Peer 1: 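Provided herewith is a single structure, encoded as structure tokens, for subsequent inquiry.
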Amino acid sequence: MAYDADVIVIGAGLAGLAATAELVDAGRKVILLDQEPEQSIGGQAHWSFGGLFFVNSPEQRRMRIKDSHALALQDWMGTAGFDRAEDHWPRRWAEAYVDFAAGEKRSWLHQQGVRFFPVVGWAERGGYDANGHGNSVPRFHITWGTGPGVVAPFERRVRAGVARGLVQLKFRHRVTGLSRSAGTVDTVTGEILEPSGIARGQASSRTVAGAFELKAQAVIVTSGGIGGNHDLVRANWPERLGTPPEKMVAGVPAHVDGKMLAIAEETGAHVINRDRMWHYTEGIQNWNPIWENHGIRILPGPSSLWLDARGNRLPVPLFPGFDTLGTLEHIMKTGYEYTWFVLDQKIIGKEFALSGSEQNPDLTGKSIRDVIGRARADVPGPVKAFMDNGADFVVEKDLGALVRGMNALTKEPLIDEAALRREIVARDREIANPFTKDLQVTSIRGARNYLGDKLIRTATPHRILDPKAGPLIAVRLHILTRKSLGGLETDLSSRVLTEGGDPLSGVYAAGEAAGFGGGGVHGYRSLEGTFLGGCLFSGRTAGRAAAKAVS
């Protein structure tokens with residue numbers, strides 16, 4: 001049989017680039033397909049903050065963070081909560097990924113020119129016992145160059161493969177089917193979409209201009225998840241997280257639609273853990289959107305008061321940055337889909353960061369001068385732009401005006417000024433005392449024991465109603481769709497499995513389409529910094545395994 005390539009990779013995001021780069025290194029011929037135009041190469045990784053999970057890294061050691069493989073594995077397993085028969089391969093992938101994060105991951109990336117911001121972030125702090133959810137220590141390493149800095153070396157390796165005649169890039173190719181010859185999946189069919197000159201992330205035309213059929217010895221599916229398809233998100237929404245929200249803001253463009261998962265399933269692949277998903281609770285409407293319903297996530301420090309729609313503080317330990325899905329579960333059982341941060345300018349200036357490469361031009365542009373400028377500013381420029389233009393921000397000098405502004409943003413005026421004032425005054429009263437029963441105040445003080453948080457992520461404890469810290473700020477928060485934690489079940493060689501547990505001959509999967517490994521390496525929850533790394537690790541594994549299989 002005449003093949004068009006040794007391997008066809010479906011999806012030119014980070015996992016697809018990593019897989020293709022490994023195939024190139026092995027001298028294999030590859031066709032890389034993607035339904036979007038070439039300017040969107042790198043997929044969602046391009047828009048990311050570039051956070052990566054490392055264990056016992058040089059950056060951690062310089063910050064006096066004591067980490068270990070054993071501690072990271074304890075945190076991962078306590079966070080994942082694996083409890084299903086189908087968690088066999090996800091658990092194996094989790095063990096392998098922690099080995100990778102504690103071993104060669106950093107040196108492998110460093111050899112390719114990837115560098116990291118020196119201050120390590122502390123995401124998903126948990127707040128439960130030692131065996132429960134959360135990172136026991138800071139592990140969130142920001143890539144110097146953010147998401148584009150992660151994508152760059154893999155795109156460079158792929159384009160080197162193009163120059164060598166080993167890689168064909170076929171953009172605007174939308175896959176609609178997979179088929180077999182002699183029991184092995186070796187044929188990919190689909191539609192060629194008309195050329196599109198839209199900017200990265202914007203909606204591209206779906207006008208069909210032709211058809212294609214391509215053959216290869218193996219196929220790697222790296223097509224991403226379902227976060228842009230809100231109907232599918234709701235259909236998979238688990239009962240444990242309450243009623244699915246009617247309104248969500250989109251953390252990914254609409255083309256992240258999950259259609260390739262259905263195509264693989266029709267071919268015999270086993271999709272597992274559909275109900276496991278990772279959506280954020282601190283979403284805000286982008287005042288300068290790139291795609292429809294574009295949402296941005298606030299990466300908060302620990303000091304903002306977090307209130308439900310009626311103005312009640314969220315329960316312990318649901319403080320900003322502690323437990324994403326625990327907070328989501330609580331919110332969706334209140335009967336409302338939104339919450340509030342209430343804070344002041346002193347807090348927002350020190351503690352608010354925004355997810356996304358485009359919201360962090362200093363880090364993305366690798367500008368030391370601009371990073372220093374951000375640290376010296378009362379409020380970083382991108383955050384100030386949301387304060388001035390964001391539909392979800394209320395900025396006022398006094399609490400009465402703030403409450404009126406909050407109530408003006410919602411269908412019902414649910415916030416009572418007197419009740420909110422009592423809540424804030426009670427909290428502020430404890431700030432002056434070295435002792436406290438307010439566990440959020442305790443957590444703020446605990447955060448400042450870590451030098452990284454004290455320097456750039458946690459404001460000095462102070463009274464929110466102190467006029468010197470003002471003006472007062474309220475931020476309405478929406479549910480922000482982001483990641484699928486389940487996906488195509490794969491073994492440790494990234495081979496896609498059937499429902500019976502046998503390999504689906506000729507098919508591999510990586511990245512979000514494979515639940516970042518095994519069909520759900522994170523289990524129920526993520527430790528953060530593990531999505532990009534999961535794409536890299538599973539993409540590398542799939543590329544190496546497929547290269548051996550077609551040799």
Side-chain angles (χ1 to χ4, degrees), residues 11 13 35-36 40 43-48 174 198 200-206 223-265 271-298 309 324-325 327-339 354-356 390-392 409-411 476-488 511-513 515-516 520 522 524-526 531:
Q35 67 178 347
E36 293 306 297
S40 288
Q44 302 320 301
H46 172 89
W47 300 109
S48 75
R174 180 171 61 187
I198 53 90
R200 180 191 290 271
Q202 293 180 342
S204 61
S205 166
R206 287 297 178 258
S223 54
I226 68 171
N229 185 339
H230 290 187
D231 289 338
L232 192 54
V233 168
R234 293 186 189 94
N236 289 327
W237 194 271
E239 185 177 345
R240 66 181 178 275
L241 293 181
T243 303
E246 293 182 8
K247 178 184 178 182
M248 297 177 279
V249 291
V252 296
H255 66 255
V256 185
D257 55 19
K259 290 182 178 178
M260 192 62 221
L261 293 173
I263 292 168
E265 191 171 25
V271 178
I272 61 175
N273 298 317
R274 301 174 194 270
D275 64 321
R276 292 178 179 170
M277 51 186 68
W278 190 256
H279 305 304
Y280 291 111
T281 52
E282 313 98 329
I284 52 176
Q285 300 170 84
N286 193 344
W287 68 271
N288 187 22
I290 296 169
W291 53 82
E292 185 178 356
N293 193 27
H294 187 178
I296 295 292
R297 184 200 176 196
I298 295 170
T324 294
L325 288 197
T327 306
L328 178 59
E329 179 180 353
H330 175 81
I331 292 169
M332 297 316 301
K333 292 178 179 177
T334 65
Y336 295 89
E337 300 174 354
Y338 67 91
T339 55
L354 301 171
S355 66
D392 298 306
L409 290 185
T410 58
K411 293 180 180 179
R476 180 178 54 177
L477 306 172
H478 307 270
I479 307 305
L480 175 79
T481 63
R482 190 59 68 85
K483 298 297 182 186
S484 315
L485 297 188
L488 298 167
E512 191 173 354
F516 302 95
H522 297 97
Y524 288 95
R525 285 180 167 96
S526 165
F531 298 129

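Owing to the predicted nature of the structure, the values given are computational and were not obtained by experimental measurement. Both backbone and side-chain heavy atoms feed into the values below; hydrogens, waters and symmetry mates do not.
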Peer 1: Are Met248 and Leu480 close enough that some pair of their side-chain heavy atoms sits under 4.5 Å apart?
Peer 2: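 With C-beta onward as the side chain, the pair stays apart.
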
Peer 1: Drop me the distance from Arg240's CZ to Asp275's CG, to the nearest 0.5 angstrom.
Peer 2: 4.5 Å

Peer 1: Taking only residues two or more places apart in sequence, or in another chain, which ones meet Arg525 in a side chain to side chain contact (heavy atoms under 4.5 Å, CB included)?
Peer 2: Thr79, His133, Trp278, Asp323, Leu325

Peer 1: Closer than 3.5 angstrom, by distance alone: can the side chain of Arg476 be matched with the main-chain N or O of Leu409 as a donor-acceptor pair?
Peer 2: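 Pair found, side chain donor or acceptor close to backbone of Leu409.
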
Peer 1: Do the side chains of Met332 and Leu241 get nearer than 4.5 Å, heavy atoms only?
Peer 2: no

Peer 1: Taking the side chain as everything from C-beta on, heavy atoms only, tell me whether Tyr336 gets closer than 4.5 Å to Thr410.
Peer 2: no

Peer 1: Is there a donor-acceptor pair closer than 3.5 Å between any side-chain N or O of His478 and the backbone N or O of Ile284?
Peer 2: no

Peer 1: Checking Thr281 side chain against Leu328 main chain: does a donor-acceptor pair fall under 3.5 Å?
Peer 2: no

Peer 1: Is Arg274 reaching over with its side chain to a backbone N or O of Gly486, donor-acceptor style, under 3.5 angstrom?
Peer 2: no

Peer 1: Do the side chain of Trp291 and the main chain of Ala250 share a donor and acceptor less than 3.5 angstrom apart?
Peer 2: yes

Peer 1: If you round to the nearest 0.5 Å, how far is CG of Leu354 from CG of Asn286?
Peer 2: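 If I round to the nearest 0.5 Å, the distance is 9.0 Å.
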
Peer 1: Tell me if a side-chain donor or acceptor on Asp392 pairs with a main-chain N or O of Leu477 at a distance below 3.5 Å.
Peer 2: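 Here the side-chain-to-backbone pair does not exist.
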
Peer 1: Quick one, Phe531 and Gln44 - any side-chain contact, counting heavy atoms below 4.5 Å?
Peer 2: no

Peer 1: OH/Tyr338 to CD1/Ile331 distance, rounded to the nearest 0.5 angstrom?
Peer 2: 12.0 Å

Peer 1: Looking at Arg206 and Glu36, is there a salt bridge between them, counting it only when a charged N and a carboxylate O are closer than 4.0 Å?
Peer 2: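 Arg206 and Glu36: salt-bridged.
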
Peer 1: Do the side chain of Glu337 and the main chain of Lys247 share a donor and acceptor less than 3.5 angstrom apart?
Peer 2: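 Indeed, once roles are kept as given, a pair shorter than 3.5 Å links the two residues.
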
